[in-house]
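Here the structure is laid out as structure tokens; the discussion comes afterwards.
Proteins get letters first, then strands, A, B, ... in listed order; numbering begins at 1 in each.
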There are 2 protein chains.
Amino acid sequence: MEIPQKEDILKRFPQFEQTLLDEILAHSTIRHVEEGEEVMRTGQYIRSTVLLLSGLLKVYREDDEGNEFLMYYLEPGSACALSMMCTARNEQSQIMAKAVTESEVILIPSHLSEQWLAKYKSWHNFVIASYRQRFEELLQTLDSIAFKGLDERLLFYLKRHVKVSGKEIRLSHQQIALELNSSREVISRLLKKLEQTGAITLHRNYIEVHDLEVV
Amino acid sequence: MEIPQKEDILKRFPQFEQTLLDEILAHSTIRHVEEGEEVMRTGQYIRSTVLLLSGLLKVYREDDEGNEFLMYYLEPGSACALSMMCTARNEQSQIMAKAVTESEVILIPSHLSEQWLAKYKSWHNFVIASYRQRFEELLQTLDSIAFKGLDERLLFYLKRHVKVSGKEIRLSHQQIALELNSSREVISRLLKKLEQTGAITLHRNYIEVHDLEVV
DNA sequence: TTCCAAGTGTGATAATAGTCACTGCCAGCC
DNA sequence: GGCTGGCAGTGACTATTATCACACTTGGAA
């Protein structure tokens with residue numbers, strides 16, 4: 001795999017000013033992560049700001065009993081807001097980021113990203129915008145958990161998944177159950193119901209989405 | 001009620017630099033809100049940044065059917081992060097802020113608070129810190145909804161309430177049920193159980209908290 | 001080719017939370 | 001003092017989701 005060049009970064013982050021791009025290239029490291037690999041976990045020692053160059057990350061919460069649930073996905077061109085804001089936390093639950101597909105991330109040392117806030121207007125705006133966007137997404141997730149039944153949450157989940165990775169959802173029922181903090185049997189049953197409405201077709205290890213809006 | 005002076009603001013926001021305080025005094029309005037009055041609602045036309053000078057606000061989510069649930073409380077010296085970050089939203093659910101007790105808020109026109117981000121380092125830091133803090137709190141709320149049963153959520157709720165307004169919780173079971181998006185009967189039963197453990201004593205319209213940690 | 005592990009389907013049962021119906025209770029007001 | 005409205009307590013029932021037990025399928029490894 002070739003090393004990403006300035007042009008690649010520029011393409012993903014066109015809003016950054018020239019000098020900022022130079023600094024990024026000079027001081028940050030690029031890391032290649034395999035599918036399923038862990039990118040970040042709160043409470044870690046070294047803290048870097050994480051920018052996503054290519055691939056797809058999922059950011060989720062995990063409690064002390066190993067339950068998880070999905071917070072949101074990160075697409076190329078976005079930053080993990082949490083990597084910028086999390087202080088050392090000794091809570092029971094952790095925020096984790098894991099690669100959904102093979103990905104490339106830019107790791108920026110925290111002290112630099114802090115400095116840049118004052119130094120580069122485009123960086124400042126980017127950080128503020130990231131916070132806003134993640135906050136919004138988190139609120140949506142919160143909504144669906146607080147107000148909706150599992151059936152609607154599943155629908156919300158599927159829609160979100162389609163948005164980031166297309167109409168062929170390559171997940172087992174077990175994985176979906178995990179991300180929704182539910183159980184496989186329940187998800188299987190709900191998916192079956194969805195199939196009966198014609199919204200999806202079930203296959204082994206993947207789901208073919210036709211139209212989720214009609215449901 | 002006397003008009004708050006520079007000293008009052010300074011006391012609540014000691015981290016602000018002198019010139020910023022002057023700008024705040026010059027360009028923002030102070031509003032007095034009664035208990036139960038609505039301070040903010042997303043989707044409103046005029047957008048201001050809201051700082052809390054005195055009193056207590058609760059920030060909560062409300063869906064289209066009138067269900068709500070509490071996101072967090074705001075204490076004097078803090079800002080409503082949402083007022084700083086919410087773009088016009090036409091979602092079904094809204095974020096609301098309401099005064100729990102009689103309060104005073106500072107309303108800063110949005111365009112100024114935007115400008116100040118670049119102009120005043122202390123303002124910039126304050127905004128970033130607010131985002132972080134609210135994000136953290138929101139995550140805690142999310143955790144309790146996603147991973148815990150209603151009994152633990154109630155406990156979490158009571159603890160939080162004690163932290164902001166003391167051991168005499170002046171709320172009816174109905175109000176608590178509303179904030180947890182549950183129903184009165186269920187809350188009554190859970191409270192009764194808590195009373196049996198000795199953690200609280202129930203009275204009409206208020207709850208006396210002894211020790212929530214032992215449960 | 002056979003076999004096995006992982007994925008999926010399904011019924012029975014349990015646990016949690018929400019709803020309904022009704023009772024009693026207390027506080028302030030006439 | 002007696003009425004009344006909001007608050008609280010309780011039992012019965014329902015709905016949703018989780019859990020358990022087991023059968024069946026499928027795709028790839030041995």
*Assess the pair A:Phe13 and A:Phe126: is the distance between their ring centroids shorter than 6.0 Å?*
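Yes, ring centres under 6.0 Å apart.
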Spacing between [X] atom [atom1] and [N] atom [atom2], to the nearest angstrom:
{"X": "B:Lys193", "N": "C:dA17", "atom1": "NZ", "atom2": "C1'", "answer": "11 Å"}
{"X": "A:Arg153", "N": "D:dA18", "atom1": "CZ", "atom2": "C1'", "answer": "13 Å"}
{"X": "B:Glu185", "N": "D:dA8", "atom1": "CD", "atom2": "P", "answer": "12 Å"}
{"X": "B:Asn205", "N": "C:dC25", "atom1": "CG", "atom2": "P", "answer": "18 Å"}
{"X": "B:Gln174", "N": "C:dG18", "atom1": "CD", "atom2": "P", "answer": "13 Å"}
{"X": "B:Ile169", "N": "D:dC7", "atom1": "CD1", "atom2": "C1'", "answer": "17 Å"}
{"X": "A:Leu154", "N": "D:dT17", "atom1": "CG", "atom2": "P", "answer": "11 Å"}
{"X": "B:Asn67", "N": "C:dA17", "atom1": "CG", "atom2": "P", "answer": "17 Å"}

_Looking at A:Lys193 and A:Glu195, is any side-chain nitrogen of the basic one under 4.0 Å from a carboxylate oxygen of the acidic one?_
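Salt bridge: no.
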_Distance criterion of 3.5 Å, no angle test: do you see the side chain of A:Arg189 paired donor-to-acceptor with the base of D:dT19?_
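Present.
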*Ignoring hydrogens and angles, does a donor from either the side chain of A:Arg204 or the base of C:dA6 sit under 3.5 Å from an acceptor on the other?*
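When only heavy-atom distances are counted, A:Arg204 does reach the base of C:dA6 through a donor-acceptor pair under 3.5 Å.
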*Between B:Leu150 and B:Arg184, which is nearer to the 5' end of DNA chain C once each is assigned its nearest nucleotide?*
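Here B:Leu150 is the residue nearer the 5' end.
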_So B:Ser172, base contact, sugar-phosphate only, or nothing? Heavy-atom distance under 4.0 Å._
sugar-phosphate
*Name the nucleic acid region contacted by A:Asp151, choosing base, sugar-phosphate or nothing; use a 4.0 angstrom heavy-atom cut-off, strictly under.*
nothing
Given [N], is OP1 or OP2 found less than 4.0 Å from the side-chain N or O atoms of [X]?
{"X": "A:Ser182", "N": "D:dA18", "result": "yes"}
{"X": "B:His173", "N": "D:dG9", "result": "yes"}
{"X": "A:Lys192", "N": "C:dG9", "result": "yes"}
{"X": "B:Ser188", "N": "D:dT10", "result": "no"}

_Using 30° and 60° as the class boundaries, would you call the ring planes of B:Tyr131 and A:Tyr131 parallel, tilted or perpendicular?_
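The rings of B:Tyr131 and A:Tyr131 sit tilted, inter-plane angle from 30° to 60°.
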*Would you find a donor on one side and an acceptor on the other, under 3.5 Å apart, between the side chain of B:Glu137 and the backbone of B:Arg134?*
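Between the backbone of B:Arg134 and the side chain of B:Glu137 there is no qualifying donor-acceptor contact (under 3.5 Å).
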*asked:* Can you work out whether B:Glu195 or A:Val186 has the more 5'-proximal nearest nucleotide on DNA chain D?
replied: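 The residue closer to the strand's 5' end, by nearest nucleotide, is B:Glu195.
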*Candidate list A:Glu104, A:Glu37, A:Glu38, A:Glu102, test salt bridge (Lys or Arg N to Asp or Glu O under 4.0 Å), partner A:Arg31, passing option*: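 Output: one option passes, namely A:Glu37.
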